[in-house]
Enquirer: 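Here it is: the structure, laid out below.
None of the values given here were measured: they were computed from a predicted structure. All ligand and atom numbering here is 1-based and tracks the order in the structure.
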Amino acid sequence: MENGAARPVIVAIDGPSGTGKSSTSKAVAAQLGLSYLDTGAQYRAITWWMVNNSIDLDDPTAVAAVAAKPEIVSGTDPAEPTITVDGTDVAAPIRTQEVTSKVSAVSAVPEVRARITELQRSLAASAEKGIVVEGRDIGTTVLPDADLKIFLTASPEARAARRSGELKGVDVHATREALIKRDAADSSRKTSPLAKADDAVEVDTTDLTLQQVIECVVTLVEEKRTAK
Ligand code: DC
């Protein structure tokens with residue numbers, strides 16, 4: 001067990017959708033007494049605001065022009081992560097199919113990324129005990145000096161099966177195609193694409209249970225803390 005005097009530890013967990021990033025990151029943060037930040041939720045929140053305000057998402061200039069407008073606030077308690085836009089709780093509406101299908105276009109706009117990256121860095125800097133930050137570009141761009149970088153992977157089949165399980169009643173094949181399409185868009189965009197940092201530890205979760213992945217990451221964090 002870590003004592004309260006441990007130095008803050010910054011953990012970056014990246015990878016495509018359906019690899020268990022959110023469940024793992026939340027559980028690791030809770031177990032180690034760290035804060036937790038879901039950066040995908042922030043990109044979903046700004047996308048939700050753009051949809052609600054009828055911004056033309058096919059026009060990156062229009063998206064860039066309003067990127068600074070919504071106030072996005074993330075609560076970083078892993079037991080109860082929250083997300084609001086201009087004071088409205090958007091935890092549920094950011095998970096709709098409409099937002100999911102549009103978030104890649106919005107998050108590819110450099111002005112959106114600059115805005116959200118700034119929020120992420122400021123939350124990480126103010127986390128007293130440290131933080132687990134999950135996303136796509138955390139180890140490469142947002143927090144390149146993180147103490148530990150993890151890159152989670154899993155086969156497309158395993159990822160689609162997990163996502164379909166989360167979204168009850170959704171067809172696995174359709175989910176697999178949608179995941180592959182979104183990952184391709186997120187990996188090929190010009191500004192900070194989904195990528196594994198050179199110094200990240202890659203964990204293939206295809207044949208692991210969630211509990212095994214959590215244990216693996218907790219062990220890696222504890223090793224880093226001991227070495228600090
Ligand atoms: O993790 P998620 O599925 O909720 O993420 C939603 C989208 O946000 C994802 O398709 C890509 C984008 N995203 C990003 O570009 N950079 C991040 N650090 C996190 C998410």
Side-chain angles (χ1 to χ4, degrees), residues 10-26 29 36-51 57 60 63-64 67 70 72 74 76 78 81-83 85 90-124 131-144 146 149-154 156 158-160 162-167 170 175-197 200 205:
I10 306 275
V11 182
I13 303 191
D14 290 301
S17 6
T19 50
K21 269 195 326 280
S22 292
S23 309
T24 302
S25 303
K26 232 182 289 177
Y36 160 72
L37 177 62
D38 173 359
T39 64
Q42 296 176 306
Y43 285 104
R44 287 171 179 273
I46 198 164
T47 302
W48 173 86
W49 183 90
M50 302 249 172
V51 170
L57 304 186
V63 171
I72 296 165
S74 303
T76 58
T82 57
I83 180 113
V85 179
V90 293
I94 62 169
R95 303 288 162 193
T96 59
Q97 199 53 46
E98 183 178 24
V99 170
T100 301
S101 66
K102 292 179 171 159
V103 64
S104 289
V106 173
S107 61
V109 175
E111 287 78 0
V112 169
R113 299 207 73 79
R115 167 91 204 291
I116 302 288
T117 297
E118 194 186 309
L119 285 178
Q120 293 161 354
R121 288 183 178 148
S122 116
L123 283 168
I131 190 165
V132 179
V133 184
E134 60 140 314
R136 304 290 191 291
D137 61 336
I138 310 306
T140 53
T141 306
V142 179
L143 302 167
K149 301 177 187 178
I150 307 280
F151 194 79
L152 295 183
T153 61
R159 298 196 288 117
R162 287 173 192 165
R163 265 295 141 96
S164 311
E166 282 167 17
L167 314 166
V170 173
T175 306
R176 183 179 182 279
E177 296 314 305
L179 274 182
I180 290 173
K181 199 172 150 207
R182 190 147 64 94
D183 291 343
D186 295 339
S187 306
S188 62
R189 66 171 175 242
K190 282 207 184 100
T191 311
S192 56
L194 161 64
K196 176 181 171 294
T205 69

Enquirer: Would a 4.5 Å heavy-atom cut-off, applied to side chains only, mark Arg189 and Arg113 as touching?
Expert: yes
Enquirer: How long is the gap from CZ on Arg115 to OH on Tyr43, to the nearest 0.5 Å?
Expert: 11.0 Å
Enquirer: Are the side chains of Leu143 and Gln120 in touch, meaning some heavy atoms are under 4.5 Å apart?
Expert: no
Enquirer: Indicate the atoms forming the closest heavy-atom contact of Pro110 with Thr191, along with that distance.
Expert: CG-OG1, 3.5 Å
Enquirer: Taking everything shown except Glu118 itself, do over 12 heavy atoms lie less than 6.0 Å from its CD?
Expert: no
Enquirer: Side chain or backbone of Gln42 under 4.0 Å from ligand 1, or both, or neither, by non-hydrogen atoms?
Expert: neither
Enquirer: What do the steps show when you test Ile13 against Ile138 for side-chain contact (heavy atoms from CB on, under 4.5 Å), and what is the final call?
Expert: CA-CA 7 Å; Ile13 303 191; Ile138 310 306; over 6 Å; no
Enquirer: Identify the two heavy atoms, one from Arg95 and one from Thr100, that lie closest to each other, and give their separation to 0.1 Å.
Expert: O-OG1, 4.0 Å
Enquirer: Please round to the nearest 0.5 Å and tell me the distance separating atom CZ of Arg136 and atom OG of Ser192.
Expert: 12.0 Å
Enquirer: Taking heavy atoms and a distance under 4.0 Å, where does Gln120 meet ligand 1: side chain, backbone, both or neither?
Expert: neither
Enquirer: Of the backbone atoms (N, CA, C, O) and the side-chain heavy atoms from C-beta on, which set of Glu134 has a member under 4.0 Å from an atom of ligand 1: side chain, backbone, both, or neither?
Expert: neither
Enquirer: Identify the closest protein heavy atom to atom 12 (C) of ligand 1: which residue and atom is it, and at what distance?
Expert: Ser107 OG, 3.7 Å
Enquirer: Where's the contact between Arg95 and ligand 1, heavy-atom distance under 4.0 Å: side chain, backbone, both or neither?
Expert: side chain
Enquirer: Considering only the protein, which heavy-atom contact is closest to atom 20 (C) of ligand 1, and what is its distance?
Expert: Gly40 CA, 3.5 Å
Enquirer: Identify which of Asp183, Asp186, Asp38, Asp14 has a heavy atom lying nearest to atom 9 (C) of ligand 1.
Expert: Asp186
Enquirer: Under 4.0 Å from a heavy atom of Ser104: give me the atoms of ligand 1 that qualify, with their elements.
Expert: 10 (O)
Enquirer: Minimum heavy-atom separation for Asp38 and Ser22, please, with both atom names.
Expert: OD2-OG, 4.4 Å
Enquirer: Is Asp14 close to Lys149 at the side-chain level, that is, under 4.5 Å between some pair of heavy atoms?
Expert: no
Enquirer: Tell me: protein heavy atom nearest atom 19 (C) of ligand 1, and distance?
Expert: Thr39 OG1, 3.3 Å
Enquirer: Looking only at protein heavy atoms, which one is nearest to atom 16 (N) of ligand 1, and what is the separation?
Expert: Arg113 NH2, 2.9 Å
Enquirer: Numbering the atoms of ligand 1 from 1, which are under 4.0 Å from a heavy atom of Tyr43?
Expert: 8 (O), 13 (N), 14 (C), 16 (N), 17 (C), 18 (N), 19 (C), 20 (C)
Enquirer: Under 4.0 Å from a heavy atom of Gly135: which atoms of ligand 1 are those, numbered in the order shown and with their elements?
Expert: 18 (N), 19 (C)
Enquirer: For atom 4 (O) of ligand 1, what is the closest protein heavy atom, and at what distance to 0.1 Å?
Expert: Arg44 NE, 2.7 Å
Enquirer: Distance to 0.1 Å, residue and atom name: give those for the protein heavy atom nearest to atom 6 (C) of ligand 1.
Expert: Arg182 NH1, 3.5 Å
Enquirer: Backbone, side chain, both or neither: what part of Arg136 comes under 4.0 angstrom of ligand 1, heavy atoms only?
Expert: both
Enquirer: Give me the residue, atom name and distance of the protein heavy atom closest to atom 18 (N) of ligand 1.
Expert: Asp137 OD1, 2.8 Å
